Amino acid sequence: MAGYHEYLELDRLLSLQRPRTGHTATELPFIVVHQVSELWFKLIIEDIQGAIQALGADEVGAALQRLRRVREVERLLIDQFVLIDQLPPGGFGALRPALGTTSAAESRQFAVIERLSCPPPGPGTPAADPGEDLWSALCLHAQGDGHDMPVDDTGEARARRARALLEIYRQAGPMFALCEALLDHDQAFSIWRQRHALAAARQIGNAPGTGGTTGVAFLEHRCNRRFYPDLWSIRPDLQFSG
Ligand code: HEM
């Protein structure tokens, strides 16, 4: 039977943090926070995929359980920025030459989370493949429950969805709990974006990003992105049921 080190492949794992600048006290936390973030991204992907599958199999309880863990992992991801805030002033500047044009904007897993969460943004954009992202999976599940929840993104479909969502919230059943779980994911991801922009501002001020964007201005613009605009736009019309 494999021992602790073998089971977790710790020799391999712990050999993967290789500071390149000589500023180890600054670069090691920088590398570790990024690597740990990628591990959490991996778990989020696994759980969103699990939630999508569970919805396809009509297992709402299992989907909710997966989404609960997504939210907890997102909380951990957000908390990690305290370590970035504690980099010494000017410390990130000392790492920049080693990074060149590399940026976490290249993170493939981050892009996968965005793709799995909702259909690609844009007016009239149909879902890439209905049921393959969380929002489409929720709409298909709601349809199976008798709700008029079209997946496409035309103005007419949005109006029908808004009516169906108000009914779902009025019923306050399992579909309502699912909608709130998706909103939790959306909100936590938005808080991550805001926290990231703030951490970046503390390190680079108004300097451009290593990846070539305008830096914090670009990140603040990205903060406006919502996975589930329908769930936000119905808020003023929700009735308190006590
Ligand atoms: C010193 C700390 C950090 C700074 C200054 C910083 C800065 C930036 C900037 C300016 C961008 C925009 C792309 C560019 O021009 O490079 C970006 C994108 C990004 N960063 Fe960071 N970042 C930091 C830490 C982190 C950490 C710890 C993570 C965790 C994985 C992370 C994940 C990302 C992701 C996923 C994007 C793409 C965001 C999107 O497309 O909305 N960053 N970062």
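Whatever order the structure lists them in is the order used to number ligands and atoms, beginning at 1. Throughout, numbering of the chain's residues begins at 1 and tracks the sequence. Just so you know, these numbers come straight off a predicted model, no measurement behind them.
Interface atoms of ligand 1 facing F218, defined by a heavy-atom separation under 4.0 Å, are 12 (C). Those atoms of ligand 1 with a heavy atom of S37 less than 4.0 angstrom away are 29 (C), 30 (C). Contact atoms of ligand 1 toward T213: 12 (C), 13 (C), 14 (C), 15 (O) (distance under 4.0 Å to a heavy atom of the residue). Listed by number with element, the atoms of ligand 1 under 4.0 angstrom from any heavy atom of G212 are 15 (O). Residue V33 approaches ligand 1 through these ligand atoms, each under 4.0 Å from one of its heavy atoms: 27 (C). Atoms of ligand 1 found under 4.0 Å from any heavy atom of I204 (numbered from 1 in listed order, with element): 5 (C), 10 (C). Which parts of ligand 1 touch S103 is read off a 4.0 Å heavy-atom cut-off, strictly below it: atoms 13 (C), 14 (C), 16 (O). Remark: ligand 1 atoms within the under-4.0 Å shell around heavy atoms of W192 are 32 (C), 33 (C), 34 (C), 35 (C).
Protein heavy atom nearest atom 33 (C) of ligand 1, with residue, atom name and distance: A104 CB, 3.3 Å. For atom 9 (C) of ligand 1, the closest non-hydrogen atom on the protein side is L219 CD1, 3.7 Å. Of the protein's non-hydrogen atoms, the one nearest atom 38 (C) of ligand 1 is F110 CE2, 3.9 Å. Counting protein heavy atoms only, atom 1 (C) of ligand 1 is closest to F92 CD1, 3.5 Å. In this structure, atom 7 (C) of ligand 1 lies nearest to the protein heavy atom A200 CB, 3.8 Å. Among all non-hydrogen protein atoms, the one lying nearest atom 26 (C) of ligand 1 is H34 NE2, 3.2 Å.
For ligand 1, the polar-atom distance check finds an N/O of R222 within less than 3.5 Å of one of the ligand's N/O atoms.
Atom CD of Q65 sits in a sparse spot, with 12 or fewer heavy atoms from other residues, nucleotides or ligands closer than 6.0 Å. Summarising the local packing, CG of N206 is surrounded by 12 or fewer heavy atoms from other residues, nucleotides or ligands at distances under 6.0 Å.
Ring centers of F189 and Y228: at least 6.0 Å apart, outside the cut-off.
Closest non-hydrogen pair, L16 versus Q35, comes out as O-NE2, 3.0 Å. Closest non-hydrogen pair, H141 versus L178, comes out as CD2-CD1, 4.3 Å. Listed here is the closest heavy atom pair of R226 and S190: NH1-OG, 3.1 Å.
Ranked by closest heavy atom to atom 21 (Fe) of ligand 1, the top entry among R202, R225, H196, E114 is H196. Ranked by closest heavy atom to atom 36 (C) of ligand 1, the top entry among G211, A105, S107 is A105.
Between the side chains of Q53 and Q49, no donor N or O sits under 3.5 Å from an acceptor N or O. Using a 3.5 Å distance cut-off with no hydrogens or angles, the side chains of Q239 and Y169 do not pair a donor with an acceptor.
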Take D148 and R163 through the test salt bridge (Lys or Arg N to Asp or Glu O under 4.0 Å) and record every step on the way to the result.
-> CA-CA 8 Å; D148 183 24; R163 282 194 294 276; 5.4 Å; no
Apply side-chain hydrogen bond (donor to acceptor under 3.5 Å, both in side chains) to the pair S233 and D230, showing each step before the final yes or no.
-> CA-CA 5 Å; S233 62; D230 291 356; 4.7 Å; no
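Counting only distance, with no hydrogens or angles, the side chain of Q109 and the backbone of I45 share no donor-acceptor pair below 3.5 Å.
Linking Ile, Leu, Val, Met, Phe, Trp and Tyr whenever their side-chain heavy atoms come within less than 4.5 Å leaves V82 and L39 in two separate clusters.
Within a 4.0 Å radius of atom 3 (C) of ligand 1, the protein has no heavy atom.
In this structure, E38 falls outside the shell of residues with a heavy atom less than 4.0 angstrom from ligand 1.
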